[in-house]
Amino acid sequence: MKKLLIPGGIMGWTALEGWSFSDRAAHRSKPKDTERGREQKHEDDKSNLFCIQINNAAPSGRRSHGLQTPAIHNPELYARNLLLPLAGDQRLIEYATCDTESTAARLCALGAEKGPRFSFRYIPKAVLIRAIESRFGRHLAENAAWRLAWEDPQCSAHLGIIYIQRIILLLCLGLIAGCAVMVPAATLSVSLWVIGLVFAAMTAFRFVLLGAGLLGWRPIHYPAQNDEAEETTANGTESPVAGACADLPVYTILAPLYDEPEVVPQLIRAFSALDYPAECLDIKLLLEEDDKRTLAAIEALNLPPYIELLHVPNLAPRTKPKACNYGLAFARGAFTVIFDAEDIPDPDQLKRAVAKFAATGPETACLQARLNFYNPRDNWLTRQFTLEYSMWFDLLLPGLKRLGLPIPLGGTSNHFRTDILRAIGGWDPYNVTEDADLGLRLARRGYRCDILNSTTYEEANSETLNWLRQRTRWQKGYMLTWLVHMRHPLRLLRQLGMWRMLGFQLFFGGTVLLAICTPLAIPLLLSGLVLCLDPILSLLKFCTLIGGLGTLSLCVIAGAICRGNYDLIADIWRTPFYWLLTMAANIRAVWQLFQCPFYWEKTRHGLNLLRKSPMG
């Protein structure tokens, strides 16, 4: 009798031919139905730990092969191929599997001609996944948390702000403070010049991006209006989206969830609505192992067989990118996409991504789908958020792509070639904007990111404090990303080249400088006017600030027009109040950068989801 301990519920399995469940300890007989026995059973149920007993005497569950393969010692290969070694020696290895035929072929592809024979023992898929997690879960979680730090520590945020950067920063702050005490008028004048140059540079850069985005603009694709979707190839011709299952690869979807019970039903409906063959889908719901509320919401649903549930071990850091890395170890698809808990992607998005990848060639490692909101008119905050998103994903990111500059990916709807994603180490678990960091790391490796003309709809934050927490995390992540990749500027220059290095400094570095300068700009400019320190020059710089904000407003209006949200343009007068909130988030981001750089402020979803969702 072979025994395999696995933690967690097994979705109601009680007994199948060739195996059965027992209580917690494999070496202990089941307690009798006494008061003490019932207490022991209650403790076992609380720990939720079961034991699979695989009976050698059940020949129907076992299948032997004369093929030979060496023993596999890589847990990721077991996770990816849904294999689990049960017992073995130098002559025979027995594996648990949920598909004996395809597993034999995968084992032969992984192995060589030399090695022991193997046989298979069939167990249900859900049970097998939990068994693999029990055996290798902690190893996979440690790999998810530390792989990038082990392989490329200088591109990992786990070091935070390194020592030399702290020294430079302290020297700069000390110099500014000393000058402010000794020559306050000159210090104020120089500060005004610096702020004016920052805003002038960012104004010019935004104009260039706006022009590039408008020149390359294509009408937004809406599947309801155009079911026969087509994508533009690299040479400008149209390529129809593949439709037959035989022509479509397996597509992995990673959906990290944490304390999201309200949005689970909609997420499952959105996945069920995808226009992609079910047998080609490999969907992973990634739950933290202590997230009981979300687990209960999922278990209350009847999940289709192509949706799998993974339990991310409770290992620091508890971040979304670590969960994605854990799910990546189980990914079986040629392509991988990440969706957030509240997302509703266009039904044909996966097919369009496959066609786009085929049209652009192997150097394109990632496609960023457009993002927008399904509740843009809930209140003034969601209207401003929608205007900003339309500008960002419909104009600025396409402008970066057209200029050949690195693209900071959005946090969702990133479509990857799975082999490339694994090769570069996946996501950085210590970076709270792991998406933007990943786009830059791809550029440093020589890969390209492109824009996919398909939209994923999210829930716009409708509560101010919730929005503030989310924006603080984004701004902190951009600052941390810039600091991480500027640890070795010459190395970065060699990898990116002069043109992309300039784009990185303007986009990432400019974002950091704006986050620091904007809260100081208006007080310093007003001080210059009040103190009559060259009032003409101060007025000129004030006009530069207003011009920069006006350029940003122009970009916002252009984005609204491109998306067709004409009625939201009338809300542009509230944009200054939105910028004040952004400045508050910038101040919090700077504080958290030094106090808790890896802290992931949770964004609460589902506030207006059920009422506003088109799926409902």
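- Using the six-membered ring where Trp is involved, F339 and H415 have ring planes that are perpendicular, over 60° apart on the 30 and 60° scheme.
- Taking every heavy atom of both residues into account, N414 and C366 meet most closely at CB-SG, 4.2 Å.
- W392 contributes atom CH2, which lies 15.0 Å from atom CG of L387 (distance to the nearest 0.5 angstrom).
- Residues T382 and P376 share a closest heavy-atom pair of OG1-O, 3.1 Å.
- With sequence neighbours excluded, the residues satisfying side-chain contact (heavy atoms from CB on, under 4.5 Å) with L480 are A157, V484, L593.
- Minimum interatomic distance between S413 and Q368 (heavy atoms only, all atoms of both residues): O-NE2, 3.7 Å.
- Distance check: R491 CZ to L496 CG gives 11.0 Å after rounding to the nearest 0.5 Å.
- Nearest heavy-atom pair across L438 and G426 is CD1-O, 3.6 Å.
- For the atom pair I561 CD1 and M391 CE, the distance stands at 14.0 Å (nearest 0.5 Å).
- With a 4.5 Å cut-off on side-chain heavy atoms, T472 and Q592 count as touching.
- The backbone N or O of Y599 sits less than 3.5 Å from a side-chain atom of K476, completing a donor-acceptor pair.
- Residues Y258 and W600 place their aromatic rings such that the two centres sit no closer than 6.0 Å.
- In this structure, CG on L371 lies 12.0 Å from OG1 on T386, to the nearest 0.5 angstrom.
- For the atom pair H488 NE2 and Q495 CD, the distance stands at 10.5 Å (nearest 0.5 Å).
- A salt bridge is absent between R422 and D419: the closest approach of a Lys/Arg side-chain nitrogen to an acidic carboxylate oxygen does not fall below 4.0 angstrom.
- Here R604 does not pair with E262 in a salt bridge; the nearest charged N to carboxylate O distance is not below 4.0 Å.
- Counted by atom type alone, E388 and Y578 present one or more donor-acceptor pairs between their side chains at under 3.5 Å.
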Trace of the ring-ring contact (aromatic ring centres under 6.0 Å, His included) decision for F357 with F335: CA-CA 9 Å; F357 274 122; F335 302 108; 4.7 Å; yes
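- The two residues T603 and R473 make their nearest non-hydrogen contact at OG1-NH2, 3.3 Å.
- By the 4.0 Å N-to-carboxylate-O rule, R444 lies too far from D437 to be salt-bridged with it.
- E260 and K602 are joined by a salt bridge, as a carboxylate oxygen and a charged side-chain nitrogen come within less than 4.0 angstrom of each other.
- V263 is not listed as a side-chain neighbour of L267, based on a closest heavy-atom distance of 4.5 Å or more.
- Aromatic pair F373/Y389: centroids less than 6.0 angstrom apart.
- A ring-centre distance under 6.0 Å is not found for W499 and F504.
- The backbone N or O of S462 sits less than 3.5 Å from a side-chain atom of N379, completing a donor-acceptor pair.
- Atom CH2 of W591 has 12 or fewer neighbouring heavy atoms from other residues, nucleotides or ligands inside a 6.0 Å radius.
- In this structure, N325 contributes its side chain and A144 its backbone to a donor-acceptor pair below 3.5 Å.
- Ring geometry for Y251 against Y276 counts as perpendicular: the plane angle is over 60°, on a 0 to 90° scale with 30° as the lower cut.
- Scanning all heavy atoms of the two residues, the minimum distance from S156 to H158 falls at OG-ND1, 2.8 Å.
- Taken to the nearest 0.5 Å, the CZ atom of R563 stands 4.5 Å off from the CG atom of N372.
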Steps toward ring-ring contact (aromatic ring centres under 6.0 Å, His included) verdict (F507, W482): CA-CA 10 Å; F507 203 85; W482 184 80; over 10 Å; no
Please list every donor-acceptor pair under 3.5 Å in which a side-chain atom of residues 404-411 meets a protein atom from a residue at least two apart or in another chain.
none

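- For E363 and R417, the salt-bridge test fails: no basic side-chain N is under 4.0 Å from an acidic carboxylate O.
- Taking the charged nitrogens against the carboxylate oxygens, R383 and D567 have no contact shorter than 4.0 Å, which rules out a salt bridge.
- Between the side chains of E458 and T412, not a single donor N or O lies within less than 3.5 Å of an accepting N or O.
- Between K320 and D340, at least one side-chain nitrogen of the basic residue sits less than 4.0 Å from a carboxylate oxygen of the acidic one, meeting the salt-bridge criterion.
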Verdict with reasoning, R574 to D571, per salt bridge (charged side-chain N to carboxylate O under 4.0 Å, His left out): CA-CA 6 Å; R574 290 193 175 105; D571 208 63; 2.3 Å; yes
